[in-house]
Amino acid sequence: MTNLQNIETVRFDTPIYVTRPVLPPLERVTEKLKEIWDLQWLTNNGPQLLSLEGRLLETLKVPALSLFNNGTTALMAAFKALQLEGEVITTPFTFPATTHVAAMAGLTPVFADIDPLTLNLDPARIEAAITSRTRAILGVHVFGTPCDVFAIQEIARKYELKVIYDAAHAFGVEIDGTSIGSFGDFSMFSFHATKLFHTVEGGALVYPDRNYRQKVELFRNFGIKNEEEVVGQGINGKLNELQAALGLLVLDYLEEERRKRWAIRDIYYAGLGDVPGLTLQQDLPGARPSLQYFTIRIDENLYGLSRDDLYLELKRHNVYTRKYFYPLCSSYPDYKNLPSADLSNLPIANRVVQEVLCLPFFGGLELEQAAIICDLIRSKSRPRRYLPPTLANPN
Ligand SMILES: Cc1ncc(COP(=O)(O)O)c(C=O)c1O
């Protein structure tokens with residue numbers, strides 16, 4: 001442990017950001033580029049894309065998937081394939097893409113509150129939000145923690161709803177050995193550079209029912225069926241060969257990255273586990289974690305400093321944490337007037353969004369740096385002394 005008396009003067013020489021991408025050795029990238037150059041095939045279902053698709057089917061343990069140029073277009077493809085009209089129940093505690101895609105598909109987002117432990121949609125609140133216009137549930141496995149997929153499955157069965165999961169953070173997550181992509185009608189994975197597995201920009205749509213493949217892939221390619229026929233609306237959602245090739249290489253380094261992240265997590269648990277007012281991200285029993293993020297929640301009353309103040313304090317030491325997912329989607333101009341966006345409907349999400357902080361979490365973070373970050377956070381704690389009510393307020 002660092003000498004806490006000197007900790008105030010610590011400032012990292014270079015900024016420590018919340019994440020850093022896995023980058024394979026440049027020589028291996030150059031070799032791959034040579035393959036692509038020799039073949040002169042840059043996009044449109046080339047060999048790199050097909051090969052990545054095959055590797056990902058195995059890695060994610062799913063029966064079918066289609067690759068996309070980002071997670072957002074993949075999610076759009078799910079809505080396009082389902083052709084729904086009406087309401088979709090979703091979480092306000094997520095990245096903007098989740099809500100925007102549902103709304104742009106013509107559905108009305110209906111926000112339901114989250115569970116205070118998993119930070120995901122609370123099944124009881126989903127059921128309470130169902131109306132005659134409800135058509136789907138759009139869950140997010142936020143920070144890689146699985147939604148209560150079994151309860152959601154049961155609600156969907158009972159009310160005949162479709163289920164779409166935004167699994168942007170959930171690469172490699174399994175529940176008792178079953179891939180997270182096996183649940184619901186569709187799951188979207190993001191391969192953005194900030195993600196554990198990435199293709200710079202990219203994404204995948206997973207669908208346990210293979211019959212969706214044609215619809216999904218038509219949407220990905222402007223609705224073009226063949227040289228003579230354009231059979232529906234679509235966009236350009238294709239992942240190119242250079243990105244697919246990089247993805248193939250990144251896959252080779254994932255286990256090493258995961259091992260390094262485990263070690264950093266251990267440092268965070270050991271260094272922060274007993275700090276009053278901090279709650280550390282926990283794994284659910286039976287769930288294989290994604291190791292995508294490491295989040296803490298700060299109870300200002302017990303810790304003595306708000307999340308926002310800790311965020312600013314850490315910046316002074318050159319540590320750049322992130323306040324994901326602030327602000328709530330329900331507070332954006334497009335959604336804030338929806339009845340379900342009212343504060344009274346979302347008390348837990350409104351509290352949690354003020355409390356969560358994502359700490360630097362990537363394999364290249366040195367264990368010593370992680371330990372110093374713990375010391376910094378510990379040193380900022382100002383537990384308030386408990387005053388009996390009579391002394392605190394003599395009246
Ligand atoms: C929860 C969530 N959904 C959707 C997305 C969008 O994914 P992409 O950037 O690949 O389009 C992100 C962003 O990274 C995300 O965090």
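For ligands, and for the atoms within them, numbers begin at 1 and follow the listed sequence.
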Checklist entry - Any Lys/Arg nitrogen of E366 or K260 sitting under 4.0 Å from an Asp/Glu carboxylate oxygen of the other? => result no
Next on the checklist: Check this for me, if you would: do R378 and D274 make a salt bridge, where the nitrogen-to-carboxylate-oxygen distance has to be below 4.0 angstrom?
Outcome noted: yes
Next on the checklist: Heavy atoms only, cut-off 4.0 Å: how does H169 contact ligand 1, side chain, backbone, both, or neither?
Outcome noted: side chain
Next on the checklist: Test of understanding: clusters of I, L, V, M, F, W, Y form through side-chain heavy atoms closer than 4.5 Å, transitively. Do Y311 and I7 belong to the same one?
Outcome noted: yes
Next on the checklist: Can you classify the ring geometry of F93 versus F325 as parallel (below 30°), tilted (30 to 60°) or perpendicular (above 60°)?
Outcome noted: perpendicular
Next on the checklist: Set out, in order, the CA-CA distance, both residues' side-chain angles and the distance that settles side chain to side chain donor-acceptor pair (under 3.5 Å) for H192 and S190, then state yes or no.
Outcome noted: CA-CA 6 Å; H192 184 259; S190 166; 5.7 Å; no
Checklist entry - Which ligand 1 atoms does K195 reach within 4.0 Å, using its non-hydrogen atoms? => result 13 (C), 14 (O)
Next on the checklist: Please work out, at 4.0 Å between heavy atoms, whether the side chain, the backbone, both, or neither of T94 comes within that distance of ligand 1.
Outcome noted: side chain
Item to check | Pair S179-E174, side-chain donor/acceptor within less than 3.5 Å | outcome: no
Checklist entry - Going from CG on L310 to CD1 on I298, what distance comes out if it is rounded to the nearest 0.5 angstrom? => result 5.0 Å
Checklist outcome for this item: min-distance protein heavy atom vs atom 3 (N) of ligand 1 -> D166 OD2, 2.6 Å
Next on the checklist: With nothing but distance in play, are any N or O atoms of G71 less than 3.5 Å from an N or O of ligand 1?
Outcome noted: yes
Item to check | Numbered atoms and elements of ligand 1 in range of A97, under 4.0 angstrom, heavy atoms | outcome: 4 (C), 6 (C)
Item to check | Option set A170, A74, S190, criterion heavy-atom distance to atom 10 (O) of ligand 1, minimum | outcome: S190
Item to check | Sub-4.0 Å atoms of ligand 1 with respect to non-hydrogen atoms of G202 | outcome: 10 (O)
Checklist outcome for this item: Numbered in order shown, the ligand 1 atoms found under 4.0 Å of a heavy atom of N70 are 10 (O), 11 (O)
